[in-house]
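Scope of the values below: all heavy atoms of this structure, side chains included, with no hydrogens, waters or symmetry mates. Counting starts at 1 for both ligands and their atoms, following the listed order. Every value quoted in this text rests on a predicted model; they were computed, and no experiment measured them.
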Amino acid sequence: MQRITVIPGDGIGPEVVEPALALVQALGLDVTLDVLDHVNADAYLRNGSALDAADLDRIRSSDATLLGAVGDPRLGDTGYVRSVLTTLRTELDLYANYRPARLWHDRLSPLRDRARRAIDCVIVRENTEGLYSGIGGSTRTASPEEVAVDLDVNTHRGVTRIIDFAFSVARRSVCLVDKANAVRHGGQLWQRCWREAVERHPHVATSHLYADAAALRLATDPTAFDVIVTNNSHGDILSDLTAALAGGLGMAASANLNATTRQGLFEPVHGSAPDIAGRQVANPFAAILSTALLVEHLGHRDAAEAVRRAVAAAVGARRVTPDLGGRLSTKEAGAAVLAEVC
Ligand code: IPM
Ligand code: MG
């Protein structure tokens, strides 16, 4: 039997996780759920930490983890989110952030040009290095002379493994996105690792774009892309852009993976959305599609496909939440998908 750890988290996290878990139960998979209800902002406010060593052990020893969302307006600085999300990504060495963007219905795209709406691409984001390294500091803090530095860490090992991961999930092509024309040292490292990787994968079509040009191209013709591989911060930004092109954050799923250890943390791309939390208006589809990635990772490919077909059918029938032009609540939209699966 496989064990899934669940961190509902904050804000809309618990609301969107609930229908996703109902779906897991309905799929009849041989899995148990281990819900870490206590990992949230309240715990952090009370104890100064939300995720302890015992939680990490439970997560590490499980087969996969589903996370709703972390973040709380009462916690202004980055400490809390880093202590959960960034810690999980780095502690479990989940170096590959896999963020697919697929347009489930033409109606959901903001693109004017119909011919450009066949969106089915993936952002493969390096997830443990770059500007998220946490290395840096500031001097003359809170004065007009303040200087703040965050180091952009790029290692040959880290860059090579994320580029190889991108090739391993490519269906048609891989596009490297960087800023090597302006960011010198890291840029050169990525370029070198890229050339080495391209030689190792001669049968996959490849291209290269600078990050600004990639944003422009994505907004005008996302059909040009299959897999985009890029660093942590470019991947963060571009995956919100691809989400917007494919129906918004309410539809955007993601997986944080380590291809060697097979550890995986699955989470919707959206955050805790405190402004709409507790009102049953959040779209559960990003959490449900993240759950599809999770069950696929656990080897249940047919179940994952069934969930995706069910989401497509629910969207097609406008059985959706208000962000997608529907009138259903979070629970009702989840039930609409469930009804399609069962
Ligand atoms: C994401 C989020 C996080 C990130 C934040 C909440 C730290 O935006 O998963 O894309 O930047 O990685
Ligand atoms: Mg983001």
Quick one about [Y] and [X] (side-chain donor to acceptor, distance below 3.5 Å, no hydrogens or angles considered), yes or no?
X: H38; Y: D55; value: yes
X: T155; Y: E129; value: yes
X: R3; Y: S61; value: yes
X: H297; Y: D63; value: no

Suppose we measure from [atom] to each protein heavy atom; which comes out shortest, and what is that distance?
atom: atom 1 (C) of ligand 1; answer: R99 NH2, 3.4 Å
atom: atom 6 (C) of ligand 1; answer: V81 CG1, 3.8 Å
atom: atom 3 (C) of ligand 1; answer: L85 CD2, 4.1 Å
atom: atom 2 (C) of ligand 1; answer: D236 OD1, 4.0 Å

Could you tell me whether any N, O or S atom belonging to D240 is less than 2.8 Å from the Mg ion (ligand 2)?
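Within the cut-off used here (under 2.8 Å), D240 places no N, O or S atom near the Mg ion (ligand 2).
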
Which part of H270 is near ligand 1, with near meaning a heavy atom under 4.0 Å away: side chain, backbone, both or neither?
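Neither; no heavy atom under 4.0 Å.
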
Which of the ligand 1 atoms, numbered from 1, are nearer than 4.0 Å to a heavy atom of R125
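Within the 4.0 Å cut-off of R125, ligand 1 contributes 1 (C), 4 (C), 9 (O), 10 (O), 11 (O), 12 (O).
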
Tell me, which N, O or S atom in D236 is closest to the Mg ion (ligand 2)?
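Relative to the Mg ion (ligand 2), the closest nitrogen, oxygen or sulfur of D236 carries the name OD1.
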
State whether R327 and E332 are salt-bridged, where the test is any N-O pair (Lys NZ or Arg NE/NH1/NH2 against Asp/Glu carboxylate O) under 4.0 Å.
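A salt bridge is absent here (no side-chain N lies under 4.0 Å from a carboxylate O).
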
Presence of salt bridge, R58 and D52, under 4.0 angstrom:
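No, no charged N to carboxylate O under 4.0 Å.
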
For ligand 1, which is the ligand I care about here, please tell me if Y132 has any N or O atom under 3.5 Å from one of the ligand's N or O atoms.
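Yes, Y132 has an N/O under 3.5 Å of an N/O on ligand 1.
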
Would you please determine whether R82 falls within less than 4.0 Å of ligand 1 on a heavy-atom basis?
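No, that is not the case, since the closest heavy atom of the residue is not under 4.0 Å from the ligand.
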
Is atom CZ of R161 surrounded by more than 12 heavy atoms (other residues, nucleotides or ligands) closer than 6.0 Å?
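Atom CZ in R161 is crowded, with more than 12 foreign heavy atoms closer than 6.0 Å.
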
